[in-house]
Novice: 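Please find one structure pasted underneath; my questions will follow.
Each chain gets a letter, A, B and so on, in the order the sequences are listed, and its residues count up from 1.
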Amino acid sequence: MSVRTRFAPSPTGVLHLGGLRTALYNWLYARRHGGEFLLRIEDTDRQRSSPEHIRALVEALQRFGLDPDEEPLLQSSRVERHREVAHQLLESGFAYHCYCTPDELAAMREEQRARGEVPRYDGRWRDNTGPPPAGVKPVIRFRRPDTEEVVVRDWLHGDVRYLDSQLDDLVLLRADGSPTYHLSCVVDDEDMGVRQVIRGDDHLNNTPRQLQLIQALGWTAPEYCHLPLLLAPDGRKLSKRDEATDALHYLRAGYLPDAVLNYLARLGWSHGDREVFTIEELISRFGRDGLGASASRLDPDKLIWINQQHMKTAAVEVLCESLESQLESIGLNPEDGPPLEEVAEAWRERAETLAGVAEAARWAFSHEIELDEKAARKVLRPVVREPLAAVRAALAALAEWTAADIHACIAETAESLGIGFGKLGQPLRVAVTGGGVSPPIDTTLYLAGRARTLERLDVALGYIDARIAAAESAAQG
RNA sequence: GUCCCCAUCGUCUAGUGGUUAGGACACCGGCCUUUCACGCCGGCAACAGGGGUUCGAAUCCCCUUGGGGACGCCA
């Protein structure tokens with residue numbers, strides 16, 4: 001069985017997470033089986049589609065690395081072919097002209113609803129033999145075949161049966177000659193050679209109609225897989241207005257693309273007890289076997305955890321790329337500080353996202369630091385004045401500014417003063433970073449650089465002196 | 001309303017007639033530790049309800065309930 005999958009979004013907004021997951025599954029399946037993954041932009045709704053949206057969509061997919069194997073196909077470029085097929089259906093008797101006006105149809109549905117019936121086209125123009133009414137542009141409707149039932153064979157749901165009587169004659173070509181979704185979709189999938197249709201559950205009910213169309217055209221139906229929907233953390237439907245629905249939001253927030261993909265892959269698919277996968281591992285393991293049929297909620301905590309796991313093992317260049325933009329986005333200059341690789345290595349195991357790294361590393365890139373009031377009061381006390389002054393002198397005299405030398409220097413100073421390493425570490429940390437949390441103290445000082453370190457130690461010493469003075473005057477007064 | 005889909009810890013899930021119902025996130029303890037993390041160890045916690053089928057059901061069938069989707073000259 002040849003494998004050709006496709007992702008067919010309508011460019012009506014940003015790429016949302018559900019769409020990204022659908023794209024991912026299609027992409028993975030194609031990769032896994034040595035097939036092709038295609039991208040088709042369903043832009044036939046001109047009112048809601050725009051070139052910007054199309055570009056954003058293609059770009060978003062690209063940023064996650066889900067590149068299609070062929071040029072993306074714009075559905076709008078294919079209307080001639082769609083019309084051709086509609087007329088072919090007309091000639092073979094599988095379609096007919098319907099002269100109902102939109103108002104007339106609305107009224108018909110209204111009546112049917114009022115009577116408690118399922119709103120459905122009643123076929124009033126199905127077998128018309130008389131002359132067409134003047135002044136009304138007709139639509140072309142599909143004459144659905146009179147079979148008993150239509151069976152959708154689905155990877156996840158097995159055989160889903162639809163009674164033919166539940167389906168109605170759908171519009172193929174609008175009064176203005178433009179094709180509708182069902183027609184375009186079926187024709188394009190056929191012409192693109194798509195063999196596996198992996199899409200959202202919301203299309204399951206569309207499938208029997210498309211199957212009938214395919215049958216009327218004498219084509220071979222692809223395999224179908226209707227994926228369960230993604231739900232918001234609270235179990236409700238994902239709202240498009242929610243920022244967290246936008247796939248690119250996660251990149252902006254400092255998540256690694258592969259981590260987001262890993263998380264999404266595990267939502268609705270599993271492989272034993274494994275949680276963390278590289279893209280390569282996903283490609284070699286992904287398949288219909290592990291797919292689940294029930295809807296799943298987004299869990300921000302788990303995404304964070306997956307991201308941490310990926311941060312620990314990602315190539316440092318990947319980390320740097322994201323870190324650079326994260327630093328810029330909080331107004332810091334990536335050039336004005338230690339090498340990004342060193343920063344990334346120092347924090348890859350102690351931050352949740354690259355945004356977190358940038359924030360935590362702020363003191364290594366800015367010239368001014370803010371002393372955290374609480375930490376300073378707790379740590380920068382009069383008793384550490386002498387030890388701190390001693391390390392400052394030792395550090396100033398250090399021949400090489402490396403983490404190892406810094407470590408030895410601090411250790412020696414501590415020993416000569418008869419105090420523990422830890423007694424010196426925390427004051428140094430608060431003095432240099434302004435806060436009580438940072439990578440190991442030797443790394444921290446190394447990252448800060450000698451100039452910044454000495455400068456800030458002087459500031460801290462001044463702070464302590466002021467404290468001593470204030471305490472003395474309080475004692476005297 | 002009609003049709004369709006879904007249902008195991010709070011969440012993601014493993015499980016396909018016989019398991020002390022497993023793992024992961026989160027949460028709570030503890031260990032490690034110069035801070036913070038990482039890591040390690042342990043704990044809490046689930047088969048929606050009711051009927052069948054069977055020697056035996058989380059697993060198969062039916063009903064109920066709950067959640068979701070579709071019923072357009074949108075895609």
Novice: I'd like the P distance from B/rC4 over to B/rA24, given in whole Å.
Specialist: 40 Å
Novice: Considering every strand shown, what is the Watson-Crick or G-U wobble mate of B/rG42 when both distances are under 3.5 Å?
Specialist: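 Across all strands, the one nucleotide that pairs with B/rG42 is B/rC28.
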Novice: Can you sort out the partners of A/Glu345 under side-chain hydrogen bond (donor to acceptor under 3.5 Å, both in side chains), two or more places apart, ordered by chain and number?
Specialist: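 Testing A/Glu345 for side-chain hydrogen bond (donor to acceptor under 3.5 Å, both in side chains), a comparison that skips the adjacent residues, returns A/Arg348.
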Novice: With a 4.0 Å cut-off on heavy atoms, is A/Arg199 in touch with a base, just the backbone sugar-phosphate, or nothing at all?
Specialist: nothing
Novice: Atom CG of A/Leu183 and atom C1' of B/rA75: how far apart are they, to the nearest Å?
Specialist: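 So the two atoms are 14 Å apart, to the nearest Å.
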Novice: Classify the nucleic acid contact of A/Tyr263 as base, sugar-phosphate or nothing, counting any heavy atom under 4.0 Å across all strands shown.
Specialist: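 Touches nothing.
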Novice: What is the distance, to the nearest angstrom, from the CZ atom on A/Arg297 to the P atom on B/rU8?
Specialist: 11 Å
Novice: When you measure from the centre of the six-membered ring of A/Phe277, is the NZ or CZ of A/Arg274 closer than 6.0 Å and no more than 45° off the axis?
Specialist: yes
Novice: Looking only at N and O atoms, is any donor in the side chain of A/Arg350 or the base of B/rC38 less than 3.5 Å from an acceptor on the other one?
Specialist: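 It does not, because no donor-acceptor pair links the side chain of A/Arg350 to the base of B/rC38 below 3.5 Å.
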Novice: Determine whether A/His182 and A/Val186 satisfy the following criterion, side chain to side chain contact (heavy atoms under 4.5 Å, CB included), listing intermediate values before the conclusion.
Specialist: CA-CA 6 Å; A/His182 290 287; A/Val186 162; 5.6 Å; no
Novice: In the strands shown, is B/rA21 matched to any nucleotide by a Watson-Crick or G-U wobble pair with both distances under 3.5 Å, and which?
Specialist: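 By the stated definition (distances under 3.5 Å), nothing pairs with B/rA21.
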Novice: So, A/Asp191 and A/Arg81, do they make that salt bridge, N to O below 4.0 Å?
Specialist: yes
Novice: At under 4.0 Å between heavy atoms, what does A/Val171 touch on the DNA or RNA strands: base, sugar-phosphate, or nothing?
Specialist: sugar-phosphate
Novice: Checking contacts here: which listed nucleotide (B/rG39, B/rC73, B/rC25) is nearest the side-chain heavy atoms of A/Thr180?
Specialist: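 My answer, after comparing the listed nucleotides, is B/rC73.
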Novice: Take atom C1' in B/rG18 and the same atom in B/rU13, then report the distance between them in whole Å.
Specialist: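 Those two atoms are separated by 23 Å.
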Novice: Could you work out which one of B/rU11, B/rC4, B/rU35 sits closest to the side chain of A/Val160?
Specialist: B/rC4
Novice: By the 4.0 Å heavy-atom rule, please label A/Pro440 as base, sugar-phosphate, or nothing.
Specialist: base
Novice: Looking at every strand, decide which applies to A/His271 at a 4.0 Å heavy-atom threshold: base, sugar-phosphate, or nothing.
Specialist: nothing
Novice: Look at all strands and tell whether A/Pro233 reaches a base, only sugar-phosphate, or nothing, counting heavy atoms closer than 4.0 Å.
Specialist: nothing
Novice: Need one value for A/Gly420: base, sugar-phosphate or nothing, where a base atom within 4.0 Å counts as base even if backbone is also close, heavy atoms only.
Specialist: nothing
Novice: Both distances below 3.5 Å, Watson-Crick or wobble geometry, any strand: find the nucleotide opposite B/rU35.
Specialist: none
Novice: Can you work out whether A/Gly292 or A/Gly425 has the more 5'-proximal nearest nucleotide on RNA chain B?
Specialist: A/Gly292
Novice: Looking for any heavy atom pair under 4.0 Å, which part of the strands does A/Thr44 touch: base, sugar-phosphate only, or nothing?
Specialist: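 Here A/Thr44 touches the backbone only, sparing every base.
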Novice: State which of B/rG23, B/rC6, B/rC73 makes the closest approach to the side chain of A/Arg141.
Specialist: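 The answer is B/rC73.
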Novice: Using the side chain to side chain contact (heavy atoms under 4.5 Å, CB included) definition, which of the options A/Leu172, A/Leu173, A/Ile140 pairs with A/Leu89?
Specialist: A/Leu172
Novice: Between B/rA26 and B/rG10, how many Å separate the two C1' atoms, rounded to a whole number?
Specialist: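 Result for the C1' pair: 8 Å, nearest Å.
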Novice: Indicate whether OP1 or OP2 belonging to B/rU35 is found under 4.0 Å from a side-chain N or O atom of A/Lys378.
Specialist: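 So the side chain of A/Lys378 is outside the cut-off, no N or O lying under 4.0 Å from OP1 or OP2 of B/rU35.
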Novice: Name the nucleic acid region contacted by A/Arg429, choosing base, sugar-phosphate or nothing; use a 4.0 angstrom heavy-atom cut-off, strictly under.
Specialist: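 Base contact.
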Novice: Which nucleotide in the list B/rC3, B/rC12, B/rU34 gets nearest to the side chain of A/Tyr162?
Specialist: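 Nearest to the side chain of A/Tyr162 among the choices is B/rC3.
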Novice: Using atom C1' in both nucleotides, what's the gap between B/rC12 and B/rG50 to the nearest angstrom?
Specialist: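 29 Å, rounded to whole Å.
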Novice: If pairing requires Watson-Crick or G-U wobble contacts with both distances under 3.5 Å, which nucleotide is the partner of B/rG66?
Specialist: B/rC6
Novice: Quick check: on RNA chain B, is the nucleotide nearest A/Gln426 upstream (toward 5') of the one nearest A/Leu298, or the reverse? Name the residue that is more 5'.
Specialist: A/Leu298
Novice: Please confirm whether the ring centroid of A/Tyr181 lies under 6.0 Å from the ring centroid of A/His203.
Specialist: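 Ring centroids of A/Tyr181 and A/His203 are less than 6.0 Å from each other.
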Novice: Would you classify A/Glu352 as touching base, sugar-phosphate or nothing, given that sugar-phosphate means primed atoms plus P, OP1 and OP2, and contacts are heavy atoms under 4.0 Å?
Specialist: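 A/Glu352: no heavy atom of the nucleic acid under 4.0 Å.
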Novice: Find out whether the Lys NZ or Arg CZ of A/Arg141 is both under 6.0 angstrom from the six-membered ring centre of A/Tyr121 and within 45° of the ring's axis.
Specialist: yes
Novice: Report which part of the nucleic acid A/Ser438 touches: base, sugar-phosphate, or nothing (heavy-atom distance under 4.0 Å, all strands).
Specialist: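 The answer is base, as A/Ser438 lies within the cut-off (heavy atoms under 4.0 Å) of a base atom.
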Novice: Check every atom of B/rU13, B/rU11, B/rA26 against the side chain of A/Arg266 and return the nucleotide holding the closest atom.
Specialist: B/rU13
Novice: In whole angstrom, what separates A/Ile441's CD1 from B/rU34's P?
Specialist: 13 Å
Novice: Determine: side-chain N/O of A/His157 to OP1/OP2 of B/rC6, distance under 4.0 Å, yes or no.
Specialist: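 Affirmative; the distance criterion is met.
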Novice: Flag the pair A/Asp189 and A/Arg6 as a salt bridge only when some basic side-chain nitrogen lies within less than 4.0 angstrom of an acidic carboxylate oxygen.
Specialist: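 A/Arg6 and A/Asp189: salt-bridged.
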Novice: Give a yes/no on whether any side-chain N or O of A/Ser296 is located under 4.0 angstrom from OP1 or OP2 of B/rU13.
Specialist: yes
Novice: My understanding is that a pair needs two contacts under 3.5 Å, Watson-Crick or G-U wobble. By that rule, which nucleotide pairs with B/rA75?
Specialist: none
Novice: At less than 3.5 Å, do the side-chain atoms of A/Lys302 and the base atoms of B/rA26 form a donor-acceptor pair?
Specialist: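 There is none.
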Novice: Do NZ/NE/NH1/NH2 and the carboxylate oxygens of A/Arg266 and A/Glu275 come within less than 4.0 Å?
Specialist: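 Salt bridge between A/Arg266 and A/Glu275, a charged N being under 4.0 Å from a carboxylate O: yes.
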Novice: Got a donor-acceptor pair under 3.5 Å from the side chain of A/Glu275 to the base of B/rG23?
Specialist: yes
Novice: For A/Gly268 and A/Arg21, which heavy atoms make the closest approach, and how far apart are they?
Specialist: CA-NH1, 4.0 Å
Novice: Look at all strands and tell whether A/Leu105 reaches a base, only sugar-phosphate, or nothing, counting heavy atoms closer than 4.0 Å.
Specialist: base
Novice: Searching all strands shown, indicate the nucleotide that pairs with B/rU16 (Watson-Crick or G-U wobble; both distances under 3.5 Å).
Specialist: none
Novice: Checking base pairs now: Watson-Crick or wobble, both atom distances under 3.5 Å. What partners B/rA58?
Specialist: none
Novice: To the nearest Å, give me how far apart CZ (A/Arg274) and C1' (B/rG22) are.
Specialist: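 In whole Å, B/rG22 C1' and A/Arg274 CZ are 17 Å from each other.
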Novice: Taking only the side-chain heavy atoms of A/Asp273 (C-beta and beyond), determine which of B/rG22, B/rU13, B/rC73 contains the nearest atom.
Specialist: B/rG22
Novice: With a 4.0 Å cut-off on N to O distance, would you call A/Asp169 and A/Arg143 a salt bridge?
Specialist: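 Salt bridge between A/Asp169 and A/Arg143, a charged N being under 4.0 Å from a carboxylate O: no.
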Novice: If I take atom CG in residue A/Leu227 and atom P in nucleotide B/rC4, what distance separates them, rounded to the nearest angstrom?
Specialist: 21 Å
Novice: What I want to find out is whether A/Glu149 reaches A/Arg161 closely enough, with some N-O distance under 4.0 Å, to be called a salt bridge.
Specialist: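 Salt bridge: yes.
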Novice: Taking CG from A/Asp169 and P from B/rG72, how many angstroms apart are they, rounded to a whole number?
Specialist: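 From A/Asp169 CG to B/rG72 P: 13 Å.
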Novice: How would you label the contact of A/Ala293 with the nucleic acid (heavy atoms, under 4.0 Å): base, sugar-phosphate, or nothing?
Specialist: sugar-phosphate
Novice: To the nearest angstrom, how far is A/His226 atom NE2 from B/rC5 atom P?
Specialist: 12 Å
Novice: Select base, sugar-phosphate, or nothing to describe what A/Cys100 touches, counting heavy atoms under 4.0 Å on all strands.
Specialist: base
Novice: Could you write out each protein N or O paired with an N or O of nucleotides 68-71 of chain B at a distance under 3.5 Å?
Specialist:
unit_1: B/rG69; atom_1: N2; unit_2: A/Asn205; atom_2: ND2; d: 2.8
unit_1: B/rA70; atom_1: O4'; unit_2: A/Asn205; atom_2: ND2; d: 3.3
unit_1: B/rC71; atom_1: O2'; unit_2: A/Pro119; atom_2: O; d: 3.3

Novice: Which nucleotide in the list B/rA75, B/rC38, B/rC25 gets nearest to the side chain of A/Trp305?
Specialist: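 Looking only at heavy atoms from C-beta outward on A/Trp305, the closest nucleotide is B/rC25.
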